[in-house]
Amino acid sequence: MAVTQPTLLVTVDRTKCCGYTLCATEGPDVYSIDDAGYAVAMDNVPAELEGQACRGAEACPDGAISIQRIGPTE
Ligand code: SF4
């Protein structure tokens, strides 16, 4: 099985996150909610999860998620 290169760096600004969980609803394989109720994102997102990463970021009402491209698109 081929190893997929990470393509996106996803970060959550916890000072902006209010724990609405919409990111985890839209991107359950990229985002999770920690015990304190804040979002945690997979650091390096592979190409097959780009859609979830972007949908989760777009769903965040607080603009707490930033995405930076670190690798090639598929
Ligand atoms: S949608 Fe935004 S505010 Fe809600 S948990 Fe995710 S990062 Fe936090």
Side-chain angles (χ1 to χ4, degrees):
M1 186 170 124
V3 175
T4 305
Q5 293 289 323
T7 60
L8 299 178
L9 176 65
V10 179
T11 55
V12 177
D13 183 344
R14 291 170 67 93
T15 66
K16 293 182 178 177
C17 175
C18 291
Y20 296 116
T21 75
L22 297 174
C23 55
T25 299
E26 294 295 325
D29 296 322
V30 175
Y31 304 97
S32 59
I33 306 300
D34 69 11
D35 291 342
Y38 297 108
V40 177
M42 174 189 289
D43 288 333
N44 297 311
V45 176
E48 61 268 27
L49 294 179
E50 278 191 15
Q52 285 197 34
C54 293
R55 286 193 297 276
E58 289 166 5
C60 179
D62 292 330
I65 300 170
S66 61
I67 295 179
Q68 180 181 359
R69 183 162 295 283
I70 57 174
T73 57
E74 244 182 38

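Both ligands and their constituent atoms are indexed starting at 1 by order of listing.
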| query | Looking only at protein heavy atoms, which one is nearest to atom 4 (Fe) of ligand 1, and how far off is it? | reply | Y20 N, 3.0 Å
| query | So which protein heavy atom does atom 3 (S) of ligand 1 come closest to, and at what separation? | reply | C18 N, 3.3 Å
| query | Hey, is the main chain of L9 close enough, under 3.5 Å, to the side chain of Q68 for a donor-acceptor pair? | reply | no
| query | Do side-chain atoms of Y31 reach the backbone of A53 as a donor and acceptor pair under 3.5 angstrom? | reply | yes
Answer yes or no: is there a side-chain heavy-atom contact under 4.5 Å between [X] and [Y]?
X   : Y   : result
P6  : I70 : yes
C60 : Y20 : no
V10 : M42 : no

Numbered atoms of ligand 1 (with element) below 4.0 Å of [X], judged on heavy atoms:
X   : value
D62 : 3 (S)
T21 : 4 (Fe), 5 (S)
C17 : 3 (S), 5 (S), 7 (S), 8 (Fe)
C60 : 1 (S), 2 (Fe), 3 (S), 7 (S)

| Electrostatic pair R55-E50, nearest N-O below 4.0 angstrom | no
| Proximity winner for atom 1 (S) of ligand 1, if only heavy atoms of S32, G63, C23 are counted | C23
| Would you call G19 a ligand 1 contact, heavy-atom distance under 4.0 Å? | yes
